[in-house]
Amino acid sequence: MIGVIGLLLAITCLIVLSYKGVNAFIASLIASVVVIITNVLPFWGTLAGAYATGFKNFAGNYFLLFGLAAAYGEFLKVTGSAESVAKVLFKIFGVKWAPLGALLITLLMAMGGVSAFVIVFAVYPVAAPLFRKANITKNLLPGIVLCASVTLCLCLPGNPTSTNALLARPEYGLGVNAFSAPVMGIIACIVGTVIAGVYVTWQARRQTALGVGYVVSGSDAQQAEDDKDLPPFLTSIVPLLIVVLVMILLKDRMGATDSILTSLCIAIVASVVLNPKVFFGASKKEGVLKTFTAGMWSSCTSALLLTGGVMGFAGVVQAAPGFQYFVDFAMSLSNTFNPYVSASVAVNVVAGITGTALGGLQIFADSMLPAYLAQGVNPEAFHRLMTIACCGLDTLPHCSTFILMCSVCGVTAKDSYKHVFPLTVIMPIFLTILCICLIMVGII
């Protein structure tokens, strides 16, 4: 019981430290020490063993996905393509519907292969002036970007994310690809988009009526560049479309991870070819190698390091005797409830512990997946359900992506989380329940 209490204390510690703005990597080390002490584990041996192994395995498996996605995002940023697409689409939606526009634009970019870590840098500079004109609070923006780039994106079949690719890896034996359970996923995404759209539009007007409007902060003073030399919309959207189309063409020819990596590489090449003035000639602004290096390096020093640290903490948690209690609890649910229900609860509990959907799904796959496959679950339905379910409790206040969003948008975690919670915790739990109902009636 001391070990179990220690795990809960470590999770609380991780949440509080992250909520107070402590670097997620450092917070993961401190939380790991709490687990080690309360579970009487060898101190340096556990840090050098379980923590380092969790970090190493995650970084080794996903550095290409993180790196190429970040490099792709860097090319879209340097060429101005991401901002060009966002600007045109925001003009269509107008100031009045800016929150809804931000939601749909973010979803489009996420499906186009741009990671959540990168999207916020493309959407925020264009969304902020519109929110300012309409006097809409920026506290909505982290929830909008997280909901669209994670919750709604993971619903859609073929989404080019590492989370969607994880259970499709051959070693897990599901035999599925990134496009599993298309009907169920599309229904979930449509329902989620409608609910999220209604919520952000209602809250935008409600908060303004309550006197909670736009507050200038962060880099807002630099957002008055309305006459930027941006590339045309049609050439800007091509790389986004390429990612989706190439994945569709390759879905039966290679694994999910390989198809995502291939599509990102082709989209990067297209971005260079479509914007020669940026990289070549007399008016050259950036070099191809410099841009690629900047993107790859940013992924190693931010997203990969932060998430890797949390996965290191997850490795320590798995090594703790107290963790077996949670595993036993999760597996006992499968004897009481439908396997789809118990698996959804189990992956949410683990995602809540680690503060990352990908990390939670990874631990679930390594420690519990074989038991559920033995119960005869539908592989495609199970893949899509777990991909959606894992992004429920992952967005507790210690989620590193949430902390990054707040920093970029110039808002506090305390003020924005009241919108993040319904959009990225309650929403995916509701969509998980919806998907379980669809599976029960045979809609996959």
Side-chain angles (χ1 to χ4, degrees), residues 68-134 136 141 144-145 148-149 152-153 156 158-160 189 193 197 200 219 222-249 263-281 283-286 288 291-292 295 408:
L68 281 178
Y72 168 59
E74 186 71 15
F75 277 94
L76 294 184
K77 183 176 74 173
V78 167
T79 59
S81 297
E83 194 168 342
S84 174
V85 171
K87 201 163 190 175
V88 170
L89 293 177
F90 268 122
K91 283 182 180 179
I92 295 173
F93 287 100
V95 174
K96 183 179 179 182
W97 299 99
L100 178 60
L103 185 79
L104 296 178
I105 291 165
T106 301
L107 178 58
L108 171 65
M109 289 189 173
M111 283 303 295
V114 189
S115 70
F117 285 94
V118 177
I119 288 175
V120 66
F121 290 101
V123 171
Y124 177 74
V126 189
L130 296 179
F131 275 56
R132 188 172 186 173
K133 289 177 184 177
I136 298 172
L141 277 172
I144 289 173
V145 177
S149 63
L152 300 180
C153 179
L156 287 172
N159 68 80
C189 184
T193 302
V200 297
S219 58
Q222 303 170 12
Q223 305 305 324
E225 303 175 54
D226 293 329
D227 299 322
K228 277 185 179 179
D229 183 20
L230 297 175
F233 172 79
L234 291 179
T235 57
S236 297
I237 202 171
V238 167
L240 299 174
L241 297 176
I242 282 176
V243 172
V244 178
L245 293 175
V246 170
M247 281 192 64
I248 292 175
L249 291 173
S263 65
L264 289 173
C265 287
I266 294 175
I268 288 173
V269 173
S271 184
V272 173
V273 171
L274 292 170
N275 298 276
K277 292 182 180 179
V278 177
F279 302 104
F280 310 105
S283 58
K284 171 182 173 181
K285 297 179 182 178
E286 296 285 350
V288 174
T291 303
F292 186 82
V408 173

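Sequential numbering from 1 along the given sequence is applied to the chain's residues.
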Mind listing the closest non-hydrogen atom pair of Y72 and G112 along with its distance? OH-O, 2.8 Å
Dump the intermediate steps for side-chain contact (heavy atoms from CB on, under 4.5 Å) on L107 and L156, then the final yes or no. CA-CA 10 Å; L107 178 58; L156 287 172; 4.2 Å; yes
Got a list of side-chain donor-acceptor pairs under 3.5 Å for residues 263-270, not counting sequence neighbours?
unit_1, atom_1, unit_2, atom_2, d
S263, OG, S259, O, 3.2
S263, OG, I260, O, 2.7

Under 3.5 Å, sequence neighbours excluded: what are the donor-acceptor pairs made by side chains of residues 235-248?
unit_1, atom_1, unit_2, atom_2, d
T235, OG1, P232, O, 3.1
S236, OG, S84, OG, 3.4
S236, OG, P232, O, 2.7

Minimum heavy-atom separation for M111 to C153, with atom names? SD-SG, 3.9 Å
Between V145, L152, L108, which is the residue that forms a side chain to side chain contact (heavy atoms under 4.5 Å, CB included) with L103? L152
In Å and rounded to the nearest 0.5 Å, what is the CG to OH distance from L141 to Y124? 7.5 Å
For the residue pair P231 and N275, what are the closest heavy atoms and their distance? CB-OD1, 3.7 Å
Any idea which heavy atoms bring L130 and A98 closest together, and the distance? CB-CB, 4.0 Å
Ring centres under 6.0 Å, that's the criterion: do F279 and F292 meet it? no
Minimal non-hydrogen separation, L100 against V200, with atom names: N-CG2, 4.2 Å
If you take all heavy atoms of A70 and G295, which pair is closest and at what distance? CB-O, 3.2 Å
